[in-house]
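When reading the values below, keep in mind they use all heavy atoms of this one structure, side chains included, and skip hydrogens, waters and symmetry mates. All figures in this text were calculated on a predicted structure; none of them were measured in a lab.
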Amino acid sequence: MVLLRLDITECRFNLTKREVKGNKLVRKAKTGGAGGKEGTMLMGDIALDGSWYAKIGIGQPPQEIEMDLNMLASDFYVVKTSSQNGNGYDDFFSSSITKSPERPYPACTLPNDQFHFPTINTSVPLSFAYCRPQKFTRKTLGASGSILGLAASKHLAQTKSGSLIAQLVQNQVIERPVFSLMLINGGEGVLSIGGTGAPAVDMVVQQTKDELDRVGALERGEIPLAPVKEAAVAVQEGVRLTKRGRAHTQAVGIREANWRDGWDWSTVQGAEGWWQILMQGVWVDGSKVLQNQAVVVDINCPFILAPPLAAKAFYASISGSHPLPAPYSNFYVFPCLNPPTLHFEFGTKMTRFPVMRGGRGAEFSDVPGGRFSLGRLNNGSGYCVGSIVETRMGIKEERDEMMGGTRNELRTSIQRGGMGGNGMRDVWVIGEGFFRGVGAVFDLHEQRVGFRTY
């Protein structure tokens, strides 16, 4: 099961290629059904188990859809299939739709309709790619739904509709092209567009602290202060963020004046397209074991992926750890009674952020080996599987390219500037585990990522 999850995760990073555009190196979507995709389908998997999504309404009357977040693509599109699976939008039942003959992508039209966000009192007219898979493809049996592309660059766009965030800025619904992600626990969180969700979390934390202080005062026989009433807040365009297969609870984002404060920022680097930044250090039990590592941030990655040399160096610093034999050689085990204390170092302030600590309410209390563990190796075993997993992306794709094709085709690949493969060689992927207890804000205008603990 874990091998299948790893394969699915790595395939998501093999849907793009790198090209030189002007004086820059950029990422663009592959064509011809690369990475197991059909040639007429956009990047992104709808209703994939374990993915994070948010709900909005489209049309009049509003039809609720689930937007699957995708940090590796930049398009916003809606898919309607002949299947009963998923949560779809049907243009036939919307009285406010404005149709267009334009075709932004094969099997897609470009209508305009009213969007209803949970925290905005009025609807917003937006255009979007509305796709119906061709009947002879297997995609028509898939789930209906939507993909919300949150990649760092428009070079990954496959349609002409424009991203959701760019249209909200253009319509003056939000002031700045930023969004933030904060996970409350293993199944719920806050997505805030146009600002950050930090004040919402801070407000909940303060209210919880005040309530605990009151309970403690009552137990000591003291006279506690009156409970603090929840203050009225102006809600920013934040929506509930939930994970498939988990329970849902309400969460909101709040408008804050100084949204840049309290974050440690890192500048996006590498080929334009993904949220790739520099991790200055990896700390294990107070010792710095790695430094200056390139990382891609992707909340839908269920693991933290490390390139081979980095994974070996990392686990060499944990006493008693060792890799598993094939076919599980990507995974390492460590003594369950000796879980490491981890920190990743980011930003201009060189802040050490705790890893696998878990946010308030995280569901890790009964997992053997602590929050760093994926579970015991076997029933009754004293070893646990580590959640930092070795990835051979980049190396594997470059090897396959060199082994396939003729000598002339290989020479052509090298003459392209060594851009064979997916460009993920020696690059980490910071997945969902890092977001437990750490919030992130993504600034599309300044091309930077900010982190803070909560």
Side-chain angles (χ1 to χ4, degrees), residues 29 42-44 46-47 52-71 73-81 86-132 144-181 190-195 235-241 252-253 255 442-445:
L42 296 162
M43 290 191 294
I46 292 175
W52 290 89
Y53 68 93
K55 293 182 179 180
I56 61 170
I58 304 180
Q60 195 61 252
Q63 301 177 46
E64 187 179 68
I65 66 166
E66 297 173 351
M67 302 186 301
D68 288 87
L69 274 58
N70 192 324
M71 301 186 70
S74 59
D75 288 300
F76 171 61
Y77 63 92
V78 178
V79 174
K80 176 63 177 176
T81 70
N87 193 322
Y89 158 85
D90 195 328
D91 59 341
F92 179 79
F93 297 104
S94 176
S95 62
S96 56
I97 189 172
T98 302
K99 297 186 177 181
S100 167
E102 188 174 353
R103 293 273 180 177
Y105 199 77
C108 301
T109 58
L110 190 63
N112 186 289
D113 210 338
Q114 298 294 320
F115 279 68
H116 306 265
F117 296 92
T119 55
I120 304 179
N121 294 328
T122 60
S123 59
V124 182
L126 300 174
S127 62
F128 59 99
Y130 181 56
C131 308
R132 289 180 177 266
S144 298
S146 174
I147 293 291
L148 174 59
L150 296 173
S153 172
K154 62 182 180 181
H155 293 297
L156 285 170
Q158 296 174 271
T159 71
K160 304 173 184 177
S161 60
S163 70
L164 177 67
I165 294 178
Q167 292 189 69
L168 291 176
V169 173
Q170 184 178 1
N171 291 345
Q172 299 182 346
V173 178
I174 59 176
E175 298 177 359
R176 44 191 176 265
V178 302
F179 68 93
S180 75
L181 299 169
V190 176
L191 165 65
S192 182
I193 298 177
V235 178
Q236 179 69 354
E237 288 67 47
V239 296
R240 179 177 58 200
L241 181 64
V252 296
R255 184 182 304 274
F442 302 85
D443 190 337
L444 287 154
H445 178 68

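- Proximity of K154 to L444: side-chain heavy atoms (C-beta onward) are nowhere separated by under 4.5 Å.
- The two residues H155 and S153 have their closest heavy-atom pair at CD2-OG, 2.9 Å.
- Remark: the backbone N or O of L126 is not paired with any side-chain donor or acceptor of N171 at under 3.5 angstrom.
- With no hydrogens or angles considered, no side-chain donor-acceptor pair links S94 and Q63 at under 3.5 Å.
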Worked check of side chain to side chain contact (heavy atoms under 4.5 Å, CB included) between Y130 and D90: CA-CA 9 Å; Y130 181 56; D90 195 328; 4.2 Å; yes
Derivation of the side chain to side chain contact (heavy atoms under 4.5 Å, CB included) call for I165 and L150: CA-CA 8 Å; I165 294 178; L150 296 173; 4.0 Å; yes
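- Of all heavy-atom pairs between M71 and L181, the closest is SD-CD1, 4.0 Å.
- One side chain, S123 or Q114, offers a donor N or O that lies under 3.5 Å from an acceptor on the other.
- Tested against L148, the residues N70, L191, I56, D68 include a single side chain to side chain contact (heavy atoms under 4.5 Å, CB included) partner, L191.
- Checked by atom type and distance alone, the side chain of T159 never pairs as donor or acceptor with a backbone atom of A129 at under 3.5 Å.
- With hydrogens and angles disregarded, a donor-acceptor distance shorter than 3.5 Å links the side chain of S74 to the backbone of A157.
- With rounding to the nearest 0.5 Å, the separation of CD1 in I65 from NZ in K80 is 11.5 Å.
- Of the possible polar contacts, one joining the D75 side chain to the Q158 backbone as a donor-acceptor pair under 3.5 Å is found.
- By the 4.5 Å heavy-atom criterion applied to side chains, T109 and R103 are counted as neighbours.
- In terms of heavy atoms, C108 sits closest to L42 at SG-CD1, 4.4 Å.
- Here the closest heavy-atom approach between residue S146 and residue I46 is recorded as N-CD1, 4.0 Å.
- In this structure, the side chains of H116 and Q60 come closer than 4.5 Å at one or more pairs of heavy atoms.
- Here the CE atom belonging to M67 is positioned 11.5 Å from the CG atom belonging to N87, to the nearest 0.5 angstrom.
- Although no hydrogens or angles enter the test, the distance criterion places no donor-acceptor pair under 3.5 Å between the side chain of S144 and the main chain of G86.
- Closest heavy-atom contact between S161 and S127: O-OG, 3.5 Å.
- Nearest heavy-atom pair across K55 and P118 is O-CG, 3.8 Å.
- Remark: M43 CE to L156 CG distance equals 5.0 Å, nearest 0.5 Å.
- Y89 and D113 share a side-chain donor-acceptor pair at under 3.5 Å.
- In this structure, the ring of F115 has its center less than 6.0 angstrom from the ring center of F128.
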Taking it one step at a time, do L164 and F179 satisfy side chain to side chain contact (heavy atoms under 4.5 Å, CB included)? CA-CA 11 Å; L164 177 67; F179 68 93; over 6 Å; no
